[in-house]
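Below: the structure, in structure tokens.
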Amino acid sequence: MIASLARLPARVLLATALLGLALATAPLVVDGYILSVILIALYFAYVGQAWNIVMGYAGQLSLGHALYVGLGAYMAAALYIHAGIPPILGVFPAVAGAALAAAIIGALAFRFRIGGVYFALLTIAFAEFTRILFMHIDWLGATEGLFLPVENRTTNDLLNLRGSPTMFYYVLLSLVVASVALAYYLRESRLGFFLRAVREDEDAAEASGINIFRVKMIAVVLSGAMTSVGGVILAFYYNNLFPSDVFGMHRSIEIILAPIVGGLGTLFGPLIGAFALGILGEGLTAVLEASGTSTAGIKQLVYAAMLIVIIKFLPGGLWPSIARLIRLDRGGER
Amino acid sequence: MTWELAANVVTGGLLIGLVYALMALGLSVIFGVTRIVNFAHGEMTVLAMFAAVILFRQFGLDPILMSPIVAAGLFALGYGLQRYLVAPFVTRPEHEQFILLLAVAFALTNGMLIVFGPEAQGILTDYSFDSYEIGPLIVDKTKAIAGLISLVVAALLLGFFRYSATGRAIRACADNLIGAGVVGLNVPYLYALTFAIGAATVGVAGCLLSIIMDATPVLGPELTLLAFIIVIVGGLGSMTGALLGGVLIGVSEALAGLLFTPSLKSMLSFGLLILVLVVRPQGLFGKSGAR
């Protein structure tokens, strides 16, 4: 890993270092509003990176990743509210629960050889099923919602995830760095090559002796587990959870936007995509405010139009073009 | 629970199921031929519902009489969508097609939100509260009309694909794309025509739905998923399967609403979807191996 880092040109290392420095010091420089915008971008970069493992590397289109966000969020929040268990401990059952759900979905799908659109529909079905189920569990607030007690945020309590946006910012930043490192390690590993082999041609991968069931299962479970951690952070950042919002299909679609816009199956795609969408969204809001129009839906309409343009003209996303620009594409897609 | 109540609920579910089936039929036709999964199906249905609502509110025109007009509008939309947006994606990877149509769905939902607003908008015709009494059964007039028209339109559609020269040509594209090209069929035109026919079907279904339920932009994704459940349960690409699937879902949702609580009824449908995907992915009424 160190050896391959050393192969990178100096200007790339310098740019990375500057970007890292900028992200690390951002809360000291920018105001609260901009911080909240970057925070959301970091969240989408993180869950996008998690989704990228299952779709970008293993080629299995999951349209139900809101399920893992929701399970993580509800599990950690309920343990905190009902049993006083801090999220630093609650995150373990949350991850275990989401991993179990992912394992069940994966086992059903891959044992019975469900792929393509059928897999996408299976993931939607599980997310929707869970959404309606949670709307009827009174212990979890049902449709009235589950609320975390909001205390004054003068001190930062990392163990209980109670604190200022700056604290959440650094937590999410650490998660993003960890997820990029994990994705880097994964793609350079034997398993990473197996995953891409499965993505390109399942039958050929199987014929070469790859246990495709096992490889796809690892991708789905790892992705689900990672996503649920994002859900835990989300629950404690927003302090309220509603099944129709957390598990909704629009949430699953939100998760897949950043990696697609940035570049499916690339290391930096989810990060680039999340920030590109964040900047676009804020730019749109500013333009709409300046022009005095505030109709609901315009921003989403522009998002949709941009998604159509990207998928039509840049199906590989933004990152391959950027990589070519900074001449980082010699090693194939990065 | 009395026997009569159950019979009434089942009849109501059956009639609504027929309308759902007509909507799902459009999805099945499009997929069966072009292999494109129309993720914007429910959104197109809601567009047709709004068209019916506007025509009724502004000009007092009856939604059922207007359904050929709305269908024509949706036909044009479907034709244009396939010809200019979807066609280049036919040979692209599956996930790029999905994302394109998800984006179209997202655009339609938010476009409708801007134009029509988020409020639920319904139609009150002078027969909205009428009902027929057949023995112990009391059937809403709106549901009866909508169900019967759905059945007629579905039969017309089946007849078109079975007996007309164009219908046969479209089926030829579905069976063997290269062969269809070899014998000189204009495949891009037939694909666009198929998408247009699927959209027109949805146009009729939307008009019929507009007298049964209120139109609202957020209904789109719900109807898309409903159409998916029906075609998967019935067998993706099978037209009779879609009809039977629609009736099955309509009746089972109505019964679930009666036996448990109405809010749980779609959970049953999603459970059924999972079960069918795992156990019988070709659908309950589809041919085996047609995956």
Side-chain angles (χ1 to χ4, degrees), chain A residues 55-56 59-61 63 105 107-109 111-133 135-136 142-143 199 244 248-250 252-253 256-257 260-261 264 293 295-312 315-316, chain B residues 31 35-37 39-40 85 88-89 92-118 217-218 221-222 224-225 228-229 231-232 236 260-261 263-282 291:
Chain A
M55 176 62 211
Q60 308 298 312
L61 179 62
L63 286 179
I105 295 173
L108 283 176
R111 193 51 87 200
F112 293 94
R113 291 240 168 195
I114 298 172
V117 64
Y118 294 92
F119 180 74
L121 287 174
L122 188 73
T123 56
I124 295 175
F126 268 99
E128 288 290 302
F129 186 89
T130 315
R131 173 177 67 85
I132 304 165
L133 181 71
M135 284 164 73
H136 293 86
T143 45
R199 178 186 72 189
S244 52
M249 201 183 148
H250 60 287
S252 295
I253 292 178
I256 79 175
L257 286 178
I260 292 168
V261 170
L264 263 182
T293 45
T295 318
I298 288 186
K299 196 167 147 181
Q300 285 77 2
L301 189 63
V302 176
Y303 267 21
M306 202 194 62
L307 201 57
I308 293 174
V309 169
I310 285 192
I311 204 70
K312 188 159 169 62
Chain B
F31 177 81
R35 296 281 132 185
I36 294 282
V37 183
F39 272 95
L85 200 60
F89 281 80
R92 294 251 210 126
E94 241 177 9
H95 73 266
E96 290 179 16
Q97 301 173 0
F98 296 165
I99 291 157
L100 175 77
L101 284 150
L102 279 171
V104 170
F106 206 46
L108 277 177
T109 300
N110 288 290
M112 288 190 285
L113 197 65
I114 295 167
V115 177
F116 304 114
V218 291
E222 247 175 76
T224 300
L225 290 177
F228 275 128
I229 294 173
V231 295
I232 296 286
L236 197 46
F260 313 108
T261 102
S263 55
L264 272 175
K265 64 182 188 182
S266 35
M267 199 165 110
L268 187 88
S269 303
F270 284 112
L272 191 63
L273 174 62
I274 294 170
L275 204 67
V276 170
L277 278 174
V278 170
V279 181
R280 212 180 143 78
Q282 73 272 30
R291 222 163 144 178

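Throughout, a chain's letter reflects where its sequence line sits, starting with A, and its residues are numbered from 1.
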Residue pair His250(A) / Pro221(B), side-chain heavy-atom distance below 4.5 Å: no
Donor-acceptor under 3.5 Å (Arg111(A) side chain, Val278(B) main chain): no
Top contributor to chain B contacts, counting heavy-atom pairs under 4.5 Å, from Ile310(A), Leu121(A), Leu257(A), Leu63(A): Leu121(A)
Sub-4.5 Å side-chain heavy-atom contact between Met267(B) and Leu133(A): yes
Smallest separation among heavy atoms of Ala103(B) and Ala304(A), with atom names: O-CB, 3.5 Å
From CD (Gln97(B)) to CD1 (Ile311(A)), nearest 0.5 Å: 10.5 Å
Max heavy-atom pair count under 4.5 Å with chain A, selected residue of Leu268(B), Ile229(B), Ile232(B), Leu225(B): Leu225(B)
Largest heavy-atom contact set with chain B, pairs under 4.5 Å, which of Met135(A), Met55(A), Met306(A): Met55(A)
Val279(B) side chain near Phe112(A) side chain, heavy-atom distance below 4.5 Å: no
Residue pair Leu61(A) / Glu94(B), side-chain heavy-atom distance below 4.5 Å: no
From CA spacing to verdict: side-chain contact (heavy atoms from CB on, under 4.5 Å), Ile274(B), Leu122(A): CA-CA 6 Å; Ile274(B) 294 170; Leu122(A) 188 73; 4.1 Å; yes
Atom pair CD1 (Ile253(A)) and CZ (Phe39(B)), whose distance is rounded to the nearest 0.5 Å: 8.5 Å
Verdict with reasoning, Phe270(B) to Ile132(A), per side-chain contact (heavy atoms from CB on, under 4.5 Å): CA-CA 10 Å; Phe270(B) 284 112; Ile132(A) 304 165; 4.0 Å; yes
Interatomic distance, Leu102(B) atom CG to Ile256(A) atom CD1 [nearest 0.5 angstrom]: 6.0 Å
Partner chain B: residue of Val302(A), Thr130(A), Ile105(A), Ile260(A) with the largest heavy-atom pair count (under 4.5 Å): Ile260(A)
Spacing of Lys312(A) atom NZ and Leu85(B) atom CG [to the nearest 0.5 Å]: 6.5 Å
Closest-packed option against chain A by number of heavy-atom pairs under 4.5 Å, given Leu264(B), Leu100(B), Val104(B), Leu101(B): Leu264(B)
Rounded distance (nearest 0.5 Å) linking atom CG of Leu273(B) with atom CZ of Phe126(A): 9.5 Å
Listed partners of Ser269(B) passing side-chain hydrogen bond (donor to acceptor under 3.5 Å, both in side chains), at least two apart: Glu253(B)
Glu128(A) CD to Phe228(B) CZ distance, which is reported to the nearest 0.5 Å: 12.5 Å
Heavy-atom side-chain proximity of Met249(A) to Thr224(B) below 4.5 angstrom: no
